[in-house]
Amino acid sequence: MKYDHILIRYAELSLKGKNRKQFEQKLERNIREVLKGFEAIKVKRSFGRMFVKLNGEEETAVCQKLQTVFGIHSLSPSIKIALSEKEISEGALWAAEDALPSGRGTFKVSVRRTNKDFPIGSQEMNKVIGGHILRNMNEISVDVHNPDVELKVEIRSEAAYISSKVLKGAGGLPVGTSGKVLLMLSGGIDSPVAGYLALKRGVTLEAIHFHSPPFTNERAKQKVEDLVKVLTQFGGTIKLHMVPFTDVQTLIHKQVPDNYEMTVTRRFMLRIAEKIAKVNHAKAIVNGESLGQVASQTLDSMYTINSVTNLPVLRPLITMDKLEVIEQARKIGTYEISILPYEDCCTIFLPAESKTKPDKDKAERYESFLNLEEIIDDAVNRTTSHEFTASADEESEINELF
Ligand code: ATP
Ligand code: MG
């Protein structure tokens, strides 16, 4: 015998009616997409579960890919067994022997019977299966509270599925069920993590990056593209908008007093992001800000910067400490890319001192000497966009997600 299926559990309780259908359809599509490199597998949806038939593909590799899919609560390598008491007992014995190769240890059987036509109730089946295992493995005993192995047996209408371990899924909602957002992606540590967390809530992601050649070089651009590629492992296809920002920054540098340069720069970024968001039907902007982390991330700063747009600005990292963000960045595989030392457009020109409490009226007054519309339109018109899709054979750089 051999584990021939992966049983996938997803959050079913909170979902009703139309939402549920959409959730399941997207989840199934995202699962197929992430497994497209495994040609033999088959994906099937069946009453509150999904099943991946391995057809000889490697169980561990398939599970690893599935663990990147948002909307999956947990998964279990399973064996599919015909609906007979004898065959189910044999299958469970095999799974117990497989999980306890020394033949020693404790176990528990948990039968879940959704097929009410199956003649034996779940309590009774627990006993039947447990008895069979006890008779065939001498040095094994039952422990219902803290067993070494829990054998899960699902008796469904088409077959029974037996598994001995549960792997944690990525949780969240399937990508594509929550509308589209535009991620402000720098080359730093924070914004890729913000993008990951936004994807976790089921959004479709596009990203925008401001670059200032020749002050920022090609490698800084490459770095951002590499970060997008990592995010595609969780989000499928992601469009990246590259905004040429040199002229805007040069102009601000000339016209705006040093201590308001950062604030005004951020306000321009947000205005441009808003335009790009609207053209691409994104309903919100996401950034990597965390309260109080740096001068531009005080509440006063956020107020003054945020006031240029009516679009919701989502900040998934708002309550997180830097160390927590770094830990998350390591897990998803963006950290090593983010710490590469290429100059970001925000670090050029910037004075040592920025106001931590920038005043909105003052920012507006300084901006009144600039031709806002023209500057913004020019940057938007020269923006280039490129789509990235997760490639099936790309070596996963995700480090032990769970
Ligand atoms: P990060 O680690 O994401 O760079 P940070 O802690 O360095 O964040 P800031 O430099 O103040 O913080 O940037 C705050 C947020 O503004 C970033 O998280 C990102 O969302 C956005 N941002 C900053 N620079 C850029 C850029 N060049 N292109 C796009 N977005 C940017
Ligand atoms: Mg930064």
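In this chain, residues are counted from 1 in sequence order. Both counts, for ligands and for their atoms, begin at 1 and track the order of listing.
Counting the atoms of ligand 1 from 1 in the order shown, those under 4.0 Å from a heavy atom of Ile208 are 29 (C). Which parts of ligand 1 touch Asn287 is read off a 4.0 Å heavy-atom cut-off, strictly below it: atoms 20 (O). Below 4.0 Å from some heavy atom of Asp190 lie the following atoms of ligand 1, by number and element: 1 (P), 2 (O), 3 (O), 5 (P), 6 (O), 8 (O). Heavy-atom contacts of Gly188 reach the following atoms of ligand 1: 1 (P), 2 (O), 4 (O) (cutoff under 4.0 Å).
In summary, Arg20 and Glu24 engage in a salt bridge, as defined by a charged side-chain N under 4.0 Å from a carboxylate O. A salt bridge is absent between Glu57 and Lys65; no separation between the charged side-chain nitrogens and carboxylate oxygens falls under 4.0 Å.
At least one N or O atom of Phe210, backbone or side chain, sits closer than 3.5 Å to an N or O atom of ligand 1. When only interatomic distances are considered, the shortest N/O to N/O separation between Ile189 and ligand 1 falls below 3.5 Å. Residue Pro192 has no nitrogen or oxygen atom sitting less than 3.5 Å from a nitrogen or oxygen atom of ligand 1, judged on distance alone.
Summarising the contacts of atom 12 (O) of ligand 1 with Arg315, Gln297, His209, His241, the nearest heavy atom is found in Gln297. Selection from Met269, Arg266, Glu289 by nearest heavy atom to atom 16 (O) of ligand 1 gives Arg266.
Closest of all the heavy-atom pairs between Val313 and Arg315 is O-NH1, 3.4 Å.
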Quiz item: Could you walk me through whether Glu33 and Arg29 pass the salt bridge (Lys or Arg N to Asp or Glu O under 4.0 Å) check?
Solution: CA-CA 6 Å; Glu33 183 65 25; Arg29 225 182 54 194; over 6 Å; no
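Tested against Tyr3 for a side-chain hydrogen bond (donor to acceptor under 3.5 Å, both in side chains), the candidates Ser78, Ser76, Ser164, Ser163 yield a single pass: Ser164.
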